[in-house]
Amino acid sequence: SCQVCPKCCARDPTVGKSALAQMFRNDGAHFQKNYTLVSVQQAQTEFFIFDSAGKDLFSEMLEKLWEQPNVLCLVYDVTNEQSFNNCAKWLEKLRAQAVGVHIPGVLVGNKTDLIGRRVVEQKQAQEWAEKHGLEYCEMSVKEMKNFEAPFHILAKSFHQLYKEKVETFHSLA
């Protein structure tokens, strides 16, 4: 079976989120696509990735893109504390668009290759993610380390939501 999952990526500018989306989307191909497939428990989840701009100039357009996301990926730069702090703003904006709806998500710390410049510690970010009901992972898109992890986490979360909805539907029949 194939489940379609609109996915929203939100973050500040220059944290590496676009690079992450492009790396995962292209899957080694010479052309860019706006979707990719992830297999979870013998089912495929098709992601339609909305790469939202981080600049306030585009904030009105973002609200239209965010009308019905199924999962959320918040990306911050581990060397930039302000980008981490702004995750609260991005999460609040998204949740305001989907009041009363549970949207599973993942907080992603990028640029782990810049070890000497790191200012946001893994434990701090992990605790923040847990407090807000998000999964957490770290990666380095530059070094191509762990860049698929957020998408596998989101596919698994979406698959679980899909199963729950199917079970609810069957119980009503």
Test side-chain contact (heavy atoms from CB on, under 4.5 Å) applied to Val106 and Leu74, step by step:
CA-CA 6 Å; Val106 61; Leu74 283 174; over 6 Å; no

About how many Å separate [atom2] of [Y] and [atom1] of [X], when rounded to the nearest 0.5 Å?
| X | Y | atom1 | atom2 | value |
| --- | --- | --- | --- | --- |
| Glu135 | Cys73 | CD | SG | 12.0 Å |
| Arg117 | Lys111 | CZ | NZ | 7.5 Å |
| Leu72 | Leu154 | CG | CG | 8.0 Å |
| Phe158 | Lys163 | CZ | NZ | 13.0 Å |
| Gln126 | Tyr136 | CD | OH | 7.0 Å |
| His159 | Glu164 | NE2 | CD | 10.5 Å |

Please determine whether side-chain contact (heavy atoms from CB on, under 4.5 Å) holds for the pair Glu167 and His170, giving the CA-CA distance in whole Å, both sets of side-chain angles, and the decisive distance to 0.1 Å.
CA-CA 5 Å; Glu167 288 171 14; His170 286 303; 5.8 Å; no

Main-chain N/O of Val141 paired with Asn110 side-chain donor or acceptor, under 3.5 Å
yes

Whether Asn80 side chain and Ser83 backbone form a donor-acceptor pair below 3.5 Å
yes

Please work out whether the ring planes of Phe84 and Trp128 are parallel, tilted or perpendicular, with thresholds of 30° and 60°.
perpendicular

Counting only heavy atoms not in Glu92, do more than 12 sit closer than 6.0 Å to its CD atom?
no

Test log, rule side-chain contact (heavy atoms from CB on, under 4.5 Å), inputs Leu91 and His132
CA-CA 9 Å; Leu91 185 60; His132 291 89; 3.7 Å; yes

Exactly one of Lys145, Arg118, Lys123 should register a salt bridge (charged side-chain N to carboxylate O under 4.0 Å, His left out) with Glu138. Which one does?
Arg118

Please tell me whether Tyr76 and Val119 are part of a single hydrophobic cluster in this structure, the criterion being side-chain heavy atoms less than 4.5 Å apart.
yes

If hydrophobic clusters are built by linking Ile, Leu, Val, Met, Phe, Trp and Tyr wherever their side-chain heavy atoms come under 4.5 Å apart, do Leu94 and Val101 end up in the same one?
yes

Which of these, Asn146, Asp113, Thr112, sits in a side chain to side chain donor-acceptor pair (under 3.5 Å) with Ser140?
Asp113

May I have the step-by-step check of side-chain contact (heavy atoms from CB on, under 4.5 Å) for Val120 and Thr79, ending in yes or no?
CA-CA 7 Å; Val120 180; Thr79 71; over 6 Å; no

Within a strict 4.5 Å, meaning less than it, do heavy atoms of the Thr168 and Lys165 side chains meet?
no

Would you mind reporting whether Glu81 and Asn85 have side-chain heavy atoms less than 4.5 Å apart?
yes

